[in-house]
Amino acid sequence: MLLTMPSHPADPTLQARLLGTLLANLEGMVYRCRLDRQWTMEFVSEGCLALTGYAEEDILFNSRVSYDDITHPDDREYVRTAVMQAITSNRRFDIEYRIVRADGEVRWVWERGTNAMHDSKKWDVLEGFIQDITERKQADEALREAERRYRSIFENAIEGIYQSTPSNGYLAVNPALARMYGYDTPQDLIATLHDIEHQVYVNPQRRIEFMQTMAQNGVVTNFESRVYRRNGDIIWISENARAVHNSTGELLFFEGTVEAITERKLHEAEIQFQATHDALTGLPNRTLLYDRMQQAVLHSARYGNLTAIAFLDLDQFKFINDSLGHQVGDELLKITAQRLTSCLRESDTVARQGGDEFVLLLTSQPSEESITHTMQRVLHEVAQPWMANDLEFRITCSIGVTLCPDDGRDVEALLKNADSAMYKAKELGRNNFQYFAVEMNDTVTDRLALLNRLRQAIPNHEFVLHYQPKINLATGDIIGAEALVRWNSAGGMVSPGSFIPLAEETGLIIPIGEWVLETACRQNRAWQLAGYAPITISVNLSPRQLARGDIVERVQQVLAETGMEAQYLELEITESVMASDVEKSFALLIRLRALGVKISLDDFGTGYSSLSYLKRFPVDTLKIDQSFVRDIATNQDSAAIVKAIISLGHNLNLTVLAEGIETEEQFRFLLKSACNEGQGYLMSKPVAHQHFELLLQR
């Protein structure tokens, strides 16, 4: 691009202002850069920020980033080669490539420039103009894709498509119609079928009716007929066609579509299949399973054959489903169904009981050893890696096995036995199988008893809150507290690891979470009224509370009832919230932020959320998971990850808090790495509110 000023004398200041205005109004960036490895920029116009996301001072003389860094790694060699070839040939260069903006977004740009000798004659420089062409690239690609798509409709359509003459056969047909009629290629069909009335239609009268309808209306709609396939088979078709005329009204040909409708005759069978099979996996459902189990039990009773019923549950399914969404969870269920089916004989049954639970029915087994081998094969196949969202996962399962007739001859009892054995497998570390033993029923009874006690915990006032201080690492001041629920049951303290998963599974986490929210806010307000300096109280928010959709109204109600200002409440969410039902979660968090509430992302780095979610979601604080903090003083990888998270948080203007600080070495590392806040046993373990007041006094 050549920029010229008026040839007549003018005020230099005015000229500079006019030039600056012109450059600022360009949709792109004018530049002057050195011909070196970094493309060192000596001048960039104001369009730099809009184009790259970096301010002019960030890129000039590589003060923060070089233009080579901004160039997409896969395109750097191409750009350099193209520029050097143009310079060598003493011509302008004109190239398109990708850059990575400051926010991480990849954009396409067009650059045009030329080589110019620097005033000092010590090195060559490039002068040129760079413009964002991403939208044009996307439009070009969309156009090419549309052309490919519509060009392939005829060849790849599922329905048959044809052009035919009234009396001389077909002019053109697509592969689908050729296959439908039993021909290897469209050319084969065209060469063979010259007399459509007699060679195609089972009842030639239908062709006559077709021609009469076409003559009257110019179109034929849903015209159903029986036709011959090449091998003599008869199928049902439905045609839609129209007559095509030239400008003088002369009939040129008929064009239309053909749909095979023979499957409609099988509709009743399809309805029966749907009633007895799982819609997602295609496996037998509980209805068909119970029927086959009943037959197997009767067969075992009559002939003494050994039958095995295995109850299988995926160990990490809830985590996958919550973190990556139901679509990925459904895909995992289908993959598991295929793997289970591959492990069994055709005479056996794989059924989906519901959720992530499957039942295997193994009939006429030669021995218990044979069943053991089958279960080992199932464990191995289920644990094979699979890909989702460009990540590799390995998911295991826990299996409980019961035998018929050894363990019973009642279908319900056998399923209950297998379920009990499955829970035993989970207790023993998961990824294993256990045969049923009578004492296992006690475990199921204990779990039900714990659930019944948990339902009464709130009305019986058995929950208490402990508070763990959050510290400003630079000053040592207490700037907040995390409220953690504890269950003081009549039988003694119950570990959160025992009752929280059960509460999540049963939905009891919702009333428990509401109690925690109200109690924590009321306690924080009490500390303020007692004269303590205001601090922020943090409450963990369950994905189930967000999923219910009324969390904003509930928070408003609690703040109003307790009199606590919203700025002193922080809600902690996990990464799984960001990866499941994104739009709904985003809308709720936006509304919570509008109240003045702070949002903290808990256990950062342990889930599978996209960084694009992090950039978009209204988050105030990143909490580094203690699994990274634990090894920062001894493990370089953990240290690097923690530093990266801190840097990421600061670049996004977020507060960064490290949890699980237990040693002075960890503290010093985090302080040196500019981590803002921390919590952990080094400062204080979670304590009752009376002890927390002593910490506030000190």
Side-chain angles (χ1 to χ4, degrees), residues 463 465-472 477-485 509-575 577-578 581-604 613-623 649 652-657 659 676-679 686 689 692-693 695-696:
F463 287 122
L465 287 186
H466 284 188
Y467 303 88
Q468 186 171 36
K470 296 183 177 181
I471 307 297
N472 183 313
D477 295 334
I478 296 178
I479 46 83
E482 181 178 1
L484 300 167
V485 65
I509 196 65
I510 292 178
I512 294 175
E514 292 182 347
W515 178 87
V516 171
L517 176 65
E518 180 180 353
T519 304
C521 290
R522 198 175 299 282
Q523 179 61 69
N524 197 29
R525 181 57 179 158
W527 285 330
Q528 295 175 3
L529 294 175
Y532 296 107
I535 62 172
T536 300
I537 194 76
S538 299
V539 175
N540 290 284
L541 199 62
S542 166
R544 278 183 176 264
Q545 289 176 277
L546 270 180
R548 201 168 72 163
D550 63 348
I551 186 63
V552 178
E553 292 75 16
R554 184 58 185 142
V555 168
Q556 283 181 304
Q557 180 183 356
V558 168
L559 292 175
E561 292 176 352
T562 60
M564 193 182 80
E565 296 179 37
Q567 63 178 314
Y568 299 120
L569 174 62
E570 181 178 64
L571 298 176
E572 297 191 4
I573 62 173
T574 61
E575 288 189 77
V577 171
M578 299 169 65
D581 206 348
V582 175
E583 295 305 324
K584 179 180 178 181
S585 300
F586 176 74
L588 289 174
L589 293 180
I590 287 291
R591 292 175 60 198
L592 287 170
R593 277 287 297 274
L595 297 178
V597 171
K598 298 175 182 177
I599 305 296
S600 173
L601 184 57
D602 198 9
D603 300 335
F604 184 74
Y613 296 156
L614 181 60
K615 179 184 69 175
R616 180 184 177 195
F617 270 58
V619 176
D620 299 287
T621 302
L622 288 185
K623 291 188 70 175
L652 294 174
N653 296 319
L654 304 178
T655 300
V656 181
L657 180 147
E659 57 183 358
N676 305 107
E677 300 171 0
Q679 65 184 100
H689 69 89
F692 192 85
E693 289 182 12
L695 296 176
L696 291 176

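For reference, positions follow the sequence shown, starting with 1.
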A.B. asks: Quick one: does N540's side chain have a donor or acceptor within less than 3.5 Å of a partner on L484's backbone?
C.D. replies: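 A pair under 3.5 Å: no.
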A.B. asks: Atom CD of Q468 and atom CG of L695: how far apart are they, to the nearest 0.5 Å?
C.D. replies: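 Output value for this atom pair is 10.5 Å.
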A.B. asks: Just distance, no hydrogens or angles: give the donor-acceptor pairs under 3.5 Å from side chains in residues 588-596, sequence neighbours left out.
C.D. replies:
| unit_1 | atom_1 | unit_2 | atom_2 | d |
| --- | --- | --- | --- | --- |
| R591 | NH2 | E553 | OE2 | 2.7 |
| R593 | NH1 | P618 | O | 3.1 |

A.B. asks: Does the pair E570 and T621 meet the rule for a side-chain contact (heavy atoms from CB on, under 4.5 Å), with working shown?
C.D. replies: CA-CA 9 Å; E570 181 178 64; T621 302; 3.4 Å; yes
A.B. asks: For the residue pair V558 and E518, what are the closest heavy atoms and their distance?
C.D. replies: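 Here V558 and E518 meet closest at CG1-CA, 3.7 Å.
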A.B. asks: Could you measure the distance from the CZ atom of R522 to the OG1 atom of T562? Nearest 0.5 Å is fine.
C.D. replies: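 One gets 6.5 Å once the value is rounded to the nearest 0.5 Å.
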A.B. asks: If you compare all heavy atoms of L559 against all heavy atoms of C521, which two are closest, and at what distance to 0.1 Å?
C.D. replies: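 Here L559 and C521 meet closest at CD2-SG, 4.5 Å.
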A.B. asks: Looking at P534 and Q528, what are the two nearest heavy atoms and their distance?
C.D. replies: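 Looks like CB-NE2, 4.1 Å.
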A.B. asks: Applying the side-chain contact (heavy atoms from CB on, under 4.5 Å) criterion to L571, which one of D602, V597, L546 satisfies it?
C.D. replies: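 The passing option is V597.
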A.B. asks: Kindly indicate whether the side chain of L601, heavy atoms from C-beta on, has any atom under 4.5 Å from the side chain of L654.
C.D. replies: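 They are not in contact (no side-chain heavy atoms under 4.5 Å apart), so the answer is no.
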A.B. asks: Return yes if a side-chain donor-acceptor contact under 3.5 Å exists between S538 and E482, otherwise no.
C.D. replies: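 S538 vs E482: no donor-acceptor pair found between side chains.
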A.B. asks: By side-chain contact (heavy atoms from CB on, under 4.5 Å), which residues pair with N472, not counting sequence neighbours?
C.D. replies: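 Testing N472 for side-chain contact (heavy atoms from CB on, under 4.5 Å), a comparison that skips the adjacent residues, returns A474, T475, I479.
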A.B. asks: What's the separation between atom CD in Q679 and atom OH in Y467, rounded to the nearest 0.5 Å?
C.D. replies: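 Taking CD in Q679 and OH in Y467, the distance rounds to 14.5 Å.
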A.B. asks: Can you list the steps and then say if L622 with T655 is a side-chain contact (heavy atoms from CB on, under 4.5 Å)?
C.D. replies: CA-CA 6 Å; L622 288 185; T655 300; over 6 Å; no
A.B. asks: Are any side-chain N or O atoms of D620 and backbone N or O atoms of I599, one a donor and one an acceptor, separated by less than 3.5 Å?
C.D. replies: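 Looks like yes, one N/O pair under 3.5 Å.
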A.B. asks: As an exercise, state the distance from CG of L517 to CZ of R554, rounded to the nearest 0.5 Å.
C.D. replies: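 Separation between the atoms: 7.0 Å.
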A.B. asks: Out of V555, V516, I551, which one pairs with L541 under the side-chain contact (heavy atoms from CB on, under 4.5 Å) rule?
C.D. replies: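 When side-chain contact (heavy atoms from CB on, under 4.5 Å) is applied between L541 and each of V555, V516, I551, only I551 qualifies.
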A.B. asks: About how many Å separate CD of E561 and CD of Q556, when rounded to the nearest 0.5 Å?
C.D. replies: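 Interatomic distance, Q556 CD to E561 CD, rounded to 0.5 Å: 12.0 Å.
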A.B. asks: What closest approach, in Å, do A520 and V539 show between heavy atoms, and which atom pair accounts for it?
C.D. replies: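 The pair with the smallest heavy-atom distance is CB-CG2, 3.8 Å.
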A.B. asks: Are the charged groups of K470 and E677 less than 4.0 angstrom apart, N to O?
C.D. replies: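 A salt bridge is absent here (no side-chain N lies under 4.0 Å from a carboxylate O).
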A.B. asks: Give the minimum heavy-atom separation between L465 and A483, together with the two atoms involved.
C.D. replies: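 Looking at all heavy atoms of both residues, the shortest contact is CD1-CB, 4.1 Å.
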A.B. asks: Only counting residues at least two apart or in another chain, list the ones meeting ring-ring contact (aromatic ring centres under 6.0 Å, His included) with F692.
C.D. replies: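 Expected list: W527.
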